[in-house]
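FYI, side chains are in, hydrogens and waters are out, and symmetry mates aren't considered; it's all heavy atoms of this structure. First the proteins, then the strands, lettered A, B, ... as listed; each starts at 1.
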Amino acid sequence: MSDAPKPSNFIRDAVIEDLQTRRFKGVVTRFPPEPNGYLHIGHAQAISIDFGAAREFGGRCHLRFDDTNPAKESQEYVDAIMRDVRWLGFDWGEHLYHASDYFEQLYEWAVQLIKMGKAYVDDLTADQMSEYRGTLTEPGRESPYRNRSVAENLGLFERMRHGEFEDGSKTLRAKIDMSSGNINLRDPVMYRIRKATHQRTGDTWCIYPMYDWAHGQSDSIEGVTHSICTLEYEDHRPLYDWYLEQLAIHHPRQIEFARLNLSHTVMSKRKLLTLVEEGLVSGWDDPRMPTLAGLRRRGYTPEAIRDFCERVGVTKAANLRDIALLEHCVREDLNRRALRRMAVLRPLRLVIENYPEERVEELDAVNNPEDARAGTRKVPFSRVLYIEQDDFRDPPPPKYFRLSPGAEVRLRYAYVVKCTGVVKGLGGEVTEVRCTYDPASRGGDSRGRKVKGTIHWVSASHAVPAEVRLYDNLFSVPKPDEVEDVKTVLNPRSLETLTGCRVEPSLAGAAPESRYQFERQGYFCVDGPDSLPAGLVFNRTVGLRDTWAKIEAARA
RNA sequence: UGGGGCGUGGCCAAGUGGCAAGGCGCGGGACUUUGGAUCCCGUAUUCGGAGGUUCGAAUCCUCCCGCCCCAACCA
């Protein structure tokens, strides 16, 4: 997290302006998710902006569920959203609301608009209404039901509420302007009939307000001053303002910003839902998902996500943020905080020929070189170890600093060893590496000798078995949204499960969701749902920067 | 062809008439018991384009080009 003063942005500037001109005397914002899916990194930015503005200006931010469409919403999503907002580090205090809290008030206001001659009950079917709406370039036509009397509209609307009509047979519409260039103003629907059970209001209602009719009025009721939303609602602002003006009630200011897009993933709830429903991922919390639940399970910290949200900035320009920036943010956070451990993902036996059979030493290892307070730990060392298969090559490629026949390498915190030979299997594959150690190099001290490479290891008889899941981008292309069928660009290697891993004994009993840096490899966290005391499961959050991999890749 | 937005390096983004911040990425180097971290250095003679105003323009004016959003009884 940077300590530098946060740069301003147009939203902040607008809020400051409104305070200075006394347009509003305080700041009240709201984060208004619809409970029809899980929150993702894009929502994290909105949450940061909404709660951030409230905090910065000494105001408050409400959490309000925009629950106006019972067909798509559920309690599972409500619970998940609250859990994720809290996890991210924000607190709405007593200010938890639901658009459904206001259904009665909304109904009364609708009656008021009818009485003002500004709303009417329409009998057009959905298809007819679409025809009457016109197109982007041609004006719409007025509905034949547009001029019903106030009395008739009042009666019809009341009967709609009482369930006398079938789903879709009637709507209540605002009477604005069928020839407006802004299609949102062509007599927008305010209510539709839906005989569906709502997760909060049950069967109390069979008519439900549309977003535009519910949102602004909900903001007004709550005394919201700044209703911050994404760009696609910019066209709705004239309607937002129109309703508030007709009703002559408290009028918040709507401000729009460009939604966040991340490379190598998709962000629309619809597409994320598809991935879940088609089983392309294990669920909304699959570690490859850009959801907060997924990022949490992957090992991301709320601090890293908040830092990312601050760094990307707030503008109105279409954008595609590089996922590398998100990864940089976790690395930076975890580098400072994560305890170091040694873990061998793809084990290769290493036998130290001149090390006594039964001997075991407890060597000191630093827990976190970035934080002296983290102290040290003991790591058992013995004659037979496991090292990483990648750390032995025969013949060694140019600039390879690790083990190869005749080469010397340092075993982290242990000894300098020299490779004396290998044992091969029937297929010619290396099954064991032999070496000798220099007793005088205990602790890894090369005593002036140049030992360029240092590799990690675990003692074969002391190590704890573990499963490790290596994650990579869900999609192999930067902009999966631009592809016809996203399934064609799914990254086939987005998940690689390693089962024969060996981790140092201090990791036994590691708590679910605890995070570590496996030295030389990356940041890993204990999987929440799947890890067991008897069967540890680690998820790779992100790899360490790997300049050797770049060198090798460049050569290929 | 209607309405609303937006165009600054590979990706973001400051800048609002005075001579192109910063981050990520990338390239190079130093250091290193993580090929990690850290630290240096480099990375836009130019701000979508063309005219114009001005001593001076990414910033003002004109025209042009490109991109995004809107035609759910979704949000």
Side-chain angles (χ1 to χ4, degrees), chain A residues 2 4 7-9 32-34 36 66 68-69 71-73 122 124-126 129-131 133-140 167-173 179-186 188-194 207-208 210-212 214-215 229-238 256 258 263 269-270 311-329 331-332 335-336 340 342 365-366 369-370 399-402 410-414 416 441 443-446 451-456 478 517-522 543-551:
Chain A
S2 60
S8 195
N9 60 57
E34 181 190 10
N36 68 341
D66 223 326
T68 57
N69 185 358
K72 294 184 177 176
E73 300 156 5
D122 199 349
L124 251 28
T125 64
M129 199 180 290
S130 180
E131 284 175 38
R133 188 155 27 236
T135 68
L136 293 180
T137 54
E138 302 158 22
D167 281 13
S169 62
K170 283 181 169 35
T171 57
L172 181 73
R173 293 228 263 168
S179 64
S180 174
N182 182 341
I183 291 173
N184 294 123
L185 263 22
R186 318 238 266 226
V189 171
M190 294 170 66
Y191 279 95
R192 74 286 216 184
I193 299 171
R194 284 285 175 280
I207 57 172
Y208 291 93
M210 298 291 287
Y211 164 85
D212 289 297
H215 203 87
C229 59
T230 46
L231 240 37
E232 54 286 17
Y233 292 102
E234 204 153 24
D235 284 342
H236 294 244
R237 194 170 64 222
E256 313 84 9
S263 72
K269 278 193 199 170
R270 201 197 96 244
R311 292 201 200 204
V312 296
V314 183
T315 66
K316 299 185 73 155
N319 60 74
L320 205 226
R321 266 76 187 204
D322 195 333
I323 197 165
L325 176 58
L326 215 210
E327 296 179 337
H328 169 80
C329 291
R331 284 198 192 97
E332 190 174 84
N335 175 52
R336 275 195 314 257
R340 271 56 170 177
M342 291 198 283
V366 173
E370 304 294 320
K399 299 277 184 53
Y400 186 74
F401 304 148
R402 285 110 95 154
R410 173 168 32 241
L411 295 177
R412 178 84 155 150
Y413 297 126
V416 172
S441 64
D445 180 6
S446 58
V451 177
K452 188 92 169 159
T454 299
I455 64 175
H456 60 276
Q517 180 198 95
F518 287 172
E519 294 218 20
R520 304 208 306 132
Q521 305 195 103
L544 249 27
R545 283 188 57 212
D546 190 346
T547 54
W548 169 246
K550 277 182 193 169
I551 292 170

- Are side-chain heavy atoms of Pro188(A) and Met210(A) found at a separation under 4.5 Å? no
- Item | Backbone of Glu138(A) reached by a side-chain donor or acceptor of Thr135(A) within 3.5 Å | yes
- For Arg311(A) and A21(B), give me the distance from atom CZ to atom C1', rounded to whole Å. 16 Å
- Query: Between C11(B), A13(B), G36(B), which nucleotide has the shortest distance from any of its atoms to the side chain of Thr315(A)?
  - Reply: A13(B)
- Item | N-O pairing of Glu327(A) and Arg545(A) below 4.0 Å | no
- When you get a sec, tell me which of U34(B), G27(B), A37(B) is the closest nucleotide to the side chain of Glu370(A)? A37(B)
- G35(B) base to Arg402(A) side chain: any donor-acceptor pair below 3.5 Å? yes
- Query: What nucleotide, of G27(B), U34(B), C11(B), holds the atom closest to the side chain of Leu320(A)?
  - Reply: C11(B)
- Message: If you assign each of Trp548(A) and Asn9(A) to its closest nucleotide in RNA chain B, which residue comes earlier from the 5' end?
- Response: Asn9(A)
- Query: So does Glu138(A) reach the base of U1(B) with its side chain, donor to acceptor, closer than 3.5 Å?
  - Reply: no
- Task: Consider the side chain of Asn335(A), meaning its heavy atoms from C-beta on, and name the nucleotide among C24(B), G36(B), G5(B) that approaches it most closely.
- Result: G36(B)
- Item | Closest contact, heavy atoms only, Leu124(A) versus Arg173(A) | CD2-NH2, 4.0 Å
- Query: Does Tyr400(A) or His328(A) map to a spot on RNA chain B nearer the 5' end, using the closest nucleotide for each?
  - Reply: His328(A)
- Query: Mind checking what makes side-chain hydrogen bond (donor to acceptor under 3.5 Å, both in side chains) contact with Ser130(A), not counting sequence neighbours?
  - Reply: none
Atom pairs under 3.5 Å: protein N/O with N/O of nucleotides 41-43 of chain B:
none

- Task: Write down the distance between CD (Gln521(A)) and C1' (G35(B)), rounded to a whole number of angstrom.
- Result: 13 Å
- Item | Which residues share a side-chain hydrogen bond (donor to acceptor under 3.5 Å, both in side chains) with Glu34(A), sequence neighbours left out | Asn36(A)
- Query: Side-chain N or O of Arg545(A) less than 4.0 angstrom from OP1 or OP2 on G25(B)?
  - Reply: no
- If you measure only the distance, is there a donor-acceptor pair under 3.5 Å linking the side chains of His456(A) and Arg520(A)? yes
- Message: Can you tell me which nucleotide in U33(B), A37(B), C26(B) comes closest to the side chain of Arg410(A)?
- Response: U33(B)
- Message: Please tell me if Lys452(A) has a side-chain N or O lying less than 4.0 Å from either OP1 or OP2 of U32(B).
- Response: no
- Task: Please lay out, stage by stage, how Trp548(A) and Arg402(A) fare under the test side-chain contact (heavy atoms from CB on, under 4.5 Å).
- Result: CA-CA 11 Å; Trp548(A) 169 246; Arg402(A) 285 110 95 154; 3.3 Å; yes
- Rounded interatomic separation in angstrom, taking CG from Leu326(A) and P from G23(B): 19 Å
Under 3.5 Å, which N/O atoms of the protein pair with N/O atoms of nucleotides 7-9 of chain B?
none

- Any stems for RNA chain B, made of 3 or more Watson-Crick or G-U pairs in a row, each with both distances under 3.5 Å? B:2-7 with B:65-70, B:10-12 with B:22-24, B:25-30 with B:38-43, B:48-52 with B:60-64
- Task: Any chance you could list the contact pattern along nucleotides 64-75 of chain B? Use B for base contacts, S for sugar-phosphate-only contacts and - for none, protein heavy atoms under 4.0 Å, 5' to 3'.
- Result: -----BBBSBSB
- Atom pair distance, as rounded to whole Å: CZ in Arg331(A) and C1' in G35(B): 14 Å
